Amino acid sequence: MSTINKSATQINATILSNKRVGAYHQILLAIGDLASVCKPGNFVAISVGGDSSRMVLRRAFAISRITHGSASGGAMELIVAPHGSGSRWLCEQSEGSEIDIVAPLGKPFGIPTQPVNALLVGGGYGSAPLFGLAEVLKARGCRVDMLLGASTGSKIYAPLEGKRSASTLKIYTEDGSMGESGRVTAPIRDLLAQGAVDVIYSCGPMSMLRAISELTEGTDVVHQCAVEESMACGIGICMTCVLPVKNDDDSISMLRSCIDGPVMDGSTVAWDVVGKVPPAVHS
Amino acid sequence: MSTINKSATQINATILSNKRVGAYHQILLAIGDLASVCKPGNFVAISVGGDSSRMVLRRAFAISRITHGSASGGAMELIVAPHGSGSRWLCEQSEGSEIDIVAPLGKPFGIPTQPVNALLVGGGYGSAPLFGLAEVLKARGCRVDMLLGASTGSKIYAPLEGKRSASTLKIYTEDGSMGESGRVTAPIRDLLAQGAVDVIYSCGPMSMLRAISELTEGTDVVHQCAVEESMACGIGICMTCVLPVKNDDDSISMLRSCIDGPVMDGSTVAWDVVGKVPPAVHS
Amino acid sequence: MSNQVIDLSTTLGNAWFPAPIFTASGCASSGKELSQFFDLREIGAVVTKSVMNKARHGRPTPRMAETPSGMLNSIGLQGPGIDHFLANDVPWLLERGAKVIVSIAGETTDEYAMLARKVRAVPGISALEVNISCPNVENRGMVFACERESSARAIDGVRKIIGGEIPIIAKLTPDVTDITSIASAVVDAGADGLALINTVLGMVINLDTMKPHLGGKTGGLSGPAIRPVAVRAIYQVHSAMPDVPILGMGGVSSGRDALELILAGASGVSVGTASFGDPTAIPRIQRELAALLLARGFSSIKDAVGYAHRDEGM
Amino acid sequence: MSNQVIDLSTTLGNAWFPAPIFTASGCASSGKELSQFFDLREIGAVVTKSVMNKARHGRPTPRMAETPSGMLNSIGLQGPGIDHFLANDVPWLLERGAKVIVSIAGETTDEYAMLARKVRAVPGISALEVNISCPNVENRGMVFACERESSARAIDGVRKIIGGEIPIIAKLTPDVTDITSIASAVVDAGADGLALINTVLGMVINLDTMKPHLGGKTGGLSGPAIRPVAVRAIYQVHSAMPDVPILGMGGVSSGRDALELILAGASGVSVGTASFGDPTAIPRIQRELAALLLARGFSSIKDAVGYAHRDEGM
Ligand SMILES: Cc1cc2nc3c(=O)[nH]c(=O)nc-3n(C[C@H](O)[C@H](O)[C@H](O)COP(=O)(O)OP(=O)(O)OC[C@H]3O[C@@H](n4cnc5c(N)ncnc54)[C@H](O)[C@@H]3O)c2cc1C
Ligand SMILES: Cc1cc2nc3c(=O)[nH]c(=O)nc-3n(C[C@H](O)[C@H](O)[C@H](O)COP(=O)(O)OP(=O)(O)OC[C@H]3O[C@@H](n4cnc5c(N)ncnc54)[C@H](O)[C@@H]3O)c2cc1C
Ligand SMILES: Cc1cc2nc3c(=O)[nH]c(=O)nc-3n(C[C@H](O)[C@H](O)[C@H](O)COP(=O)(O)O)c2cc1C
Ligand SMILES: Cc1cc2nc3c(=O)[nH]c(=O)nc-3n(C[C@H](O)[C@H](O)[C@H](O)COP(=O)(O)O)c2cc1C
Ligand code: FES
Ligand code: FES
């Protein structure tokens, strides 16, 4: 009936497995037919804490990967960092327990119709949705290079099978404990200068997304970034998750990152206004 | 240091077993050395709902039985009716999980120094502490008769091993589904008339305790009843659990049923003032 | 099933609604977003986000903080402005057969009157909710609903425009010393009904930055945490003015919560924060409420409204 | 361990306390009951249950209802009366080396003055908390702390008796339109400090009886649910009067909660409802707070008081 989140459904999903991977938990959920409508870049909103929980809001997680099983139906993979009480609760749930999810939510990554050179940049658990995306891009004939970064090695999420989906993969850690030492954004300037990139797909901390947007500014390179703002509802009804986005006339609109995102065109986000009030609306 | 609850301690107790018995759950907790200071009539206050629970108050449960193990230390048995969200949470906890308890709390049943004829009357899960009490009384040479009542058979808690501790046991259900049909208080008048009873120990709904107090009024029979008022703290600091108790000069004091009870002398409780405000305090 | 034997319809002044559970203003945007999760015709009405005369950006982010059994929000009435809203959002809702209560918010008495005039010009709207209590607008010192006179003036201005075509429902803040006094002031000024309660003013300090967490510093507390405050306010106001219909709200997330507000005196119940945690909360609450009413022998919502007052003064 | 490198002592006016976490009035009885669970000398002070001139039975039961992340109470100031209290409870506490803040409550201005006179006669008490805000006393219409004048009169009466020997701490209710206005009235009348906040007025309807659940109908809401309201009140008052010491309270159940109130402007923190759920809450919170302060580079409580205001007005 609606045009917003038109495939979204609320279901009870059974946890198929829950494994620690470095600093994260890799959680696999049985989601049946819902698997067919989830796209890379979509997210899921999960109810946490059980029946008598004092946590009244859902928690948002990027859909990391979708697998289309046969008998049991499809499955959804999440990569969860135990951060506060909600994500910790989720990481503690054992195989077989049911959790209440709403998915798929939000705008997914745009997929080019032509084969292009794509650079995928992930920060921390932000790499999670990039592997599924890489597969889709490869299937479209794109070249896929991947850069992953984190503060330290245990926060790099780069599963073996995922690595295969990228043509190249480089890892950066700030403490040098894995891959090269430094920030994941460091090599991008050179790659852009070499003309080796048509599209950048990014997911990670806002500061990383902003840095990439600054690097692509003035170039032809498209920057699709998955933003992460605090979300109370995840479905467009609360207006807590807004980001300042530039309109064609250079005015700014506060758009809901849950339904107008999480994937946004990095060049339209008014990064310097994030967390501030834009100039008055002219009407 | 204090004279109130002087054996009470807060510990994390491991659930040794959790079995359904009729409408109740029989829960066994490992409590180590604490077992040696728990007496029939004491209760335990349990934190419910886990780390991110919206339930801020403990739940009170009568200590049903204490067993003194060898290697593993002592154990405490509870009989829990799944009533609201807190007791349901407790009933759902599985073997091996740890729960946060404070015990032993409150005034226990008084034990006669001479062998007497004791009548034990239990309503619903109120029978739970009576079996442990019966053992103590028997060890003191008392004759122990037991009457248990409930609305229906599944709410009668009368374990096999418990039955042995009483000389006689009669069961009453309001719907006649087990034992005799009717209220557990029905036979008491005759027993009193026969002079067969020196002390009544009772535990169950307030209406049952009141009815027994009315039957013993004007007799020499002592009535020790374990009352059940809503308790916010269970340790005497909140004043929510008060009951009107008559003083020697016939004035009334509002006593805390958690520390001046739960076992009280039924003849001193001003049953008609429960839930009302007694006449002004004269000073 | 249960809906067959119980009359779930309700009224607020001269407006009739097929069911007792409504969205809460600001917690359903303009309705479209929730229509993916249930049919908007199933519920009482869509109460739309308070709209002002001009488009507004609202407050800076962060705009929310979760708190124990609740949340703080500091949206600052972001919105498209009344003209855009009436031209786009209202027709969409009416076309789909939803009942619509439009919520307006102003910074001056004149703005309220102007908004009312524009709303009056659009046919099909069921009621007008006048939010004189939002604590999030820039000029905090002057929250209308904090004083009898300013509250009365705002409602009086609206009353002069709306001549009884649709009910005027004044939405009050609980952040006052005596809510019955504010309630009587707005009823005297011409409000047909009252919406109780708006959020409670609160604040969270971020322990990393060691500063107020919200961009707007303070925010409005909503959710189950404030339900006892809502029940109290509704009970007090219904006691003082039993004939004035109340749209109750504050922390309702189940049928039992809705029943509590109804027994205290609410004729209808708005659900806000609960929809954030559960997009199908409203139809679920409606089903649970119907079952609870039936179990207690009620055959209609109306019989239950204010039932907790029945032995009052005895 | 952490206590060795951080100065946890604090002051309220001219009273010094070895540690920053106190009991909350009415949530520790007179102290004895908690002494089974920890040494009363470890904590800031025991704030005793508000005592009135005469012995009182308080309200009928039920006196409590649990609510989401909180509870309602309606005790109605049951107590032994001031003479019995000063003769029995205070000496017991002082003998054990506990710091004592006596809380008094009156029904008339004269009663406050009389209570103050009796408290002044007992040596060793650290401070006097004047509870002018309990919403549970019979005469609800006249809660002192709801009006500037009545608040000021109650404090003025006490000030005339207590000449600076011990600090007078006025305890305010958040159930007012503007708490800073009440705060300034009592400070002008001679209060040396403020206790913020008392409980928030609330109600629960029992769905079985379909009537108000509490014997006293309304009750005071406490616990984590109200913490955002406490933080806001403390922040507002500290902003308006940065030199007036505040004893903060409302929903504190962990070190992080206590730190939030301190950053907002509290010099000490009382813990009430949390002790019901955890008898050793106070010493635990004190330990957690010390660790959090250390991790943030503070070397004393004093440096953290009101730290969230540091860039104010910039
Ligand atoms: C679109 C989107 C995708 C995300 N994908 C992932 C993912 O794949 N893996 C992962 O580990 N995390 C992801 N996050 C972040 C995740 O939502 C937060 O870590 C989580 O909400 C924290 O909840 P908590 O109860 O553990 O922490 P708390 O700090 O106790 O949460 C308190 C409140 O703040 C909000 N909050 C706290 N941190 C964040 C954050 N970083 N982003 C948004 N809201 C926050 C919570 O939702 C909650 O409402 C994503 C967030 C968004 C918005
Ligand atoms: C001294 C004492 C001994 C008890 N012994 C037993 C026992 O052996 N087995 C057993 O099953 N139950 C016992 N109870 C009752 C038990 O405490 C309640 O069933 C339980 O607290 C209900 O909590 P809830 O969260 O499930 O229900 P809810 O109704 O959700 O609880 C809400 C609040 O009301 C209080 N409350 C609700 N019902 C009762 C009640 N009947 N008595 C006291 N407080 C109540 C709760 O503690 C809680 O604070 C005892 C109570 C007391 C005071
Ligand atoms: C995010 C958010 C935005 C809100 N916006 C408005 C608003 O625009 N106008 C209004 O009258 N109330 C607004 N409210 C208040 C709600 O309508 C409601 O009165 C309050 O949240 C209590 O109900 P709840 O606990 O069910 O959310 C808002 C509440 C929230 C949480
Ligand atoms: C059961 C109970 C009794 C209380 N009695 C008093 C009292 O006698 N005097 C007073 O000033 N405050 C009283 N209060 C309020 C507390 O001191 C405190 O201000 C309030 O509960 C908020 O703190 P908390 O959330 O930590 O409990 C009482 C609170 C409770 C829960
Ligand atoms: S999270 Fe609610 S509108 Fe985006
Ligand atoms: S339960 Fe708190 S005093 Fe008895």
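A, B, ... follow the sequence lines: proteins, then strands. Residue 1 opens every chain. Remember, predicted model here, so these are calculated numbers, not experimental data.
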Leading residue by heavy atom contact count with chain A [cutoff under 4.5 Å; candidates Gly70(C), Gly223(C), Ala65(C), Gly272(C)]: Gly70(C)

Glu33(C) and Asn5(A), any side-chain heavy atoms less than 4.5 Å apart: no

From CD (Gln78(C)) to OG1 (Thr240(A)), nearest 0.5 Å: 10.5 Å

Note, Met64(C) side chain near Leu57(A) side chain (heavy atom, < 4.5 Å): yes

Glu217(A) atom CD: more than 12 heavy-atom contacts under 6.0 Å: no

Chain C interface, residue from Arg256(A), Met239(A), Lys276(A), Met231(A) that has the most non-hydrogen pairs under 4.5 Å: Met239(A)

Minimum side-chain heavy-atom gap Arg63(C)-Met254(A) below 4.5 Å: yes

Portion of Pro62(C) that has a non-hydrogen atom of chain A nearer than 4.5 angstrom: neither

Closest non-hydrogen atom pair, Gly236(A) against Ser29(C): O-CB, 3.6 Å

Among Ala225(C), Ser30(C), Pro68(C), residue most engaged with chain A (heavy-atom pairs, under 4.5 Å): Pro68(C)

Non-hydrogen atoms of Val56(A) and Pro224(C) that approach each other most closely: CG1-CD, 3.9 Å

Derivation of the side-chain contact (heavy atoms from CB on, under 4.5 Å) call for Gln36(C) and Ile4(A): CA-CA 7 Å; Gln36(C) 168 63 21; Ile4(A) 303 162; over 6 Å; no

Student check: side-chain heavy atoms of Glu66(C) and Arg59(A) closer than 4.5 Å: yes

Neighbourhood of chain A inside residues 275-284 of chain C, taking heavy atoms under 4.5 Å as contact: Ser275(C), Phe276(C), Gly277(C), Asp278(C), Pro279(C), Thr280(C)

Rounded distance (nearest 0.5 Å) linking atom NE2 of His213(C) with atom OG of Ser230(A): 5.5 Å

All salt bridge (Lys or Arg N to Asp or Glu O under 4.0 Å) counterparts of Glu77(A), not counting sequence neighbours: Arg65(A)

Closest heavy-atom pair and its distance - Cys238(A), Ile75(C): O-CD1, 3.3 Å

Atom of Ile237(A), atom of Cys27(C) and distance for their closest heavy-atom approach: CD1-O, 3.4 Å

Residue pair Leu34(C), Ile235(A): steps toward the side-chain contact (heavy atoms from CB on, under 4.5 Å) verdict: CA-CA 8 Å; Leu34(C) 282 176; Ile235(A) 57 170; 3.9 Å; yes

Closest non-hydrogen atom pair, Ser253(A) against His57(C): CA-CE1, 4.4 Å

Asp33(A) CG: over 12 foreign heavy atoms closer than 6.0 Å: no

Close side-chain approach of Phe37(C) and Val102(A), heavy atoms under 4.5 Å: yes

CG (Asn88(C)) with more than 12 external heavy atoms under 6.0 Å: yes

